[in-house]
Amino acid sequence: MPTAFEKELVTLAHRLADLCALVASALEEATRSVLESDHTLGGRVREQVAVAAALGAACEDQACALLALHAPREAEVKAVVAAVHTAADLTRMGGLAREVAEAPGRVPPDARCALTRLGAHAVAAARASGELLAGGEGAGLGDAVILAGAAERELRQWADSREWPRGAGAAVDLALLGAVYSRFAAAAGRVGLRMTGFATAGA
């Protein structure tokens, strides 16, 4: 029978899964915002990110309370530390979604397809990590992270090969935007890698 600590750890994992879903949704809407130059969507992203930051802080508080109220074993302590790092990573991912929504300039029409693919892979990575946190298999996480990295390199190479009538700044903005997506996907990958020990302690 699961101990009280293990039950609370599972509850925490599900809250982190909710946080993962929230930041994935924020990035999805941020991508639409930047592709469509829709400031209304951008405002909604900022609201989602604020909710994500509050939930991330609550998850960290819950993890600290687990340590204070129980006498966890070594493996359980490691699981709680993993939860704290995961909450921090997910909160930063929310911040990256906000950066996408606030990106300057317009995306050139012939770069939209590459950026759409990049956004889809990064969102898929976050959702796969959320599945892991909720006790699922998180199928496709590794592939999504790899594909996001490949799409970001493709976008950067595309920008490097173009003549920009508005100057080099437009190319730099596009390359920086791609890098934000890549950081989001990489953070989702880190969350997934942490889940093995976390799931074991919470089983």
Side-chain angles (χ1 to χ4, degrees), residues 19-57 85-130 140-194:
L19 178 53
C20 215
L22 185 57
V23 298
S25 177
L27 185 66
E28 194 168 47
E29 293 213 346
T31 302
R32 287 179 53 209
S33 171
V34 76
L35 287 171
E36 300 170 13
S37 299
D38 188 327
H39 298 299
T40 301
L41 278 173
R44 206 154 67 203
V45 171
R46 286 188 287 274
E47 290 173 1
Q48 286 180 307
V49 170
V51 173
L55 181 54
H85 285 302
T86 296
D89 272 341
L90 292 172
T91 301
R92 280 191 291 271
M93 286 163 67
L96 292 171
R98 184 181 58 240
E99 283 188 45
V100 170
E102 295 174 349
R106 298 176 66 89
V107 177
D110 46 352
R112 290 173 181 268
C113 185
L115 189 65
T116 299
R117 279 201 315 277
L118 175 53
H121 294 319
V123 168
R127 288 192 168 137
S129 289
L141 173 58
D143 288 343
V145 174
I146 291 169
L147 288 169
E152 188 266 334
R153 288 190 296 274
E154 177 188 340
L155 188 67
R156 189 172 62 244
Q157 290 165 0
W158 183 92
D160 288 344
S161 67
R162 292 298 187 277
E163 293 291 335
W164 294 84
R166 290 171 293 166
V172 170
D173 287 343
L174 192 58
L176 289 174
L177 181 59
V180 172
Y181 279 100
S182 185
R183 287 161 55 200
F184 183 100
R190 286 195 302 273
V191 168
L193 286 173
R194 251 187 235 116

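Worth saying up front: this structure is predicted, and the values here are computed from it rather than measured.
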Query raised in the report: Listed by chain and number, what are the side-chain hydrogen bond (donor to acceptor under 3.5 Å, both in side chains) partners of S182, not counting sequence neighbours?
Result: none
Query raised in the report: Can you find a pair of side-chain heavy atoms, one from L177 and one from Y181, that are under 4.5 Å apart?
Result: yes
Report task. Might you point out which heavy atoms bring L19 and A87 nearest each other, and give the distance in Å? Result -> CD2-O, 4.2 Å
Query raised in the report: Can you list the residues that meet the salt bridge (Lys or Arg N to Asp or Glu O under 4.0 Å) rule with R190, with sequence neighbours excluded?
Result: D89
Query raised in the report: Residues two or more places apart in sequence or in another chain: which of them pass salt bridge (Lys or Arg N to Asp or Glu O under 4.0 Å) with D173?
Result: none
Query - Closest non-hydrogen atom pair between L155 and G178, with its separation - result: CD2-CA, 4.0 Å
Query - From L115 atom CG to L35 atom CG, the distance as rounded to the nearest 0.5 Å - result: 5.0 Å
Requested in this report: Please report the shortest heavy-atom distance between G42 and S33, naming the atom on each side.
Outcome: N-OG, 3.5 Å
**Report entry** Spatial distance of atom CG (L55) from atom CD (Q48) [nearest 0.5 Å]
**Finding:** 12.5 Å
**Report entry** Option among V34, D38, L41 that satisfies the side-chain contact (heavy atoms from CB on, under 4.5 Å) test with E29
**Finding:** L41
**Report entry** Which atom of A148 lies closest to which atom of A185, heavy atoms considered
**Finding:** CB-CB, 3.6 Å
Query raised in the report: How long is the span from the OG1 atom in T31 to the CG atom in L118, to the nearest 0.5 Å?
Result: 8.0 Å
Report summary line: In terms of heavy-atom contacts, A52 and T91 come closest through O-OG1, 4.3 Å
Report task. Of all the heavy-atom pairs spanning A125 and A144, show the shortest one and how long it is. Result -> N-CB, 3.7 Å
Query - Partner residues of Q157 under the side-chain hydrogen bond (donor to acceptor under 3.5 Å, both in side chains) criterion, sequence neighbours left out - result: none
Query - Side chain to side chain, L141 and V145, heavy atoms closer than 4.5 Å - result: yes
Report summary line: Sequence neighbours excluded, the answer for side-chain hydrogen bond (donor to acceptor under 3.5 Å, both in side chains) partners of R46 is none
Query raised in the report: Using 4.0 Å as the upper bound for N to carboxylate O, is an ion pair formed by E152 and R156?
Result: yes
Query raised in the report: Between L96 and L27, does a side chain to side chain contact (heavy atoms under 4.5 Å, CB included) hold up when you go through it step by step?
Result: CA-CA 8 Å; L96 292 171; L27 185 66; over 6 Å; no
Query raised in the report: Can you name the side-chain hydrogen bond (donor to acceptor under 3.5 Å, both in side chains) partners of S37, sequence neighbours left out?
Result: R106
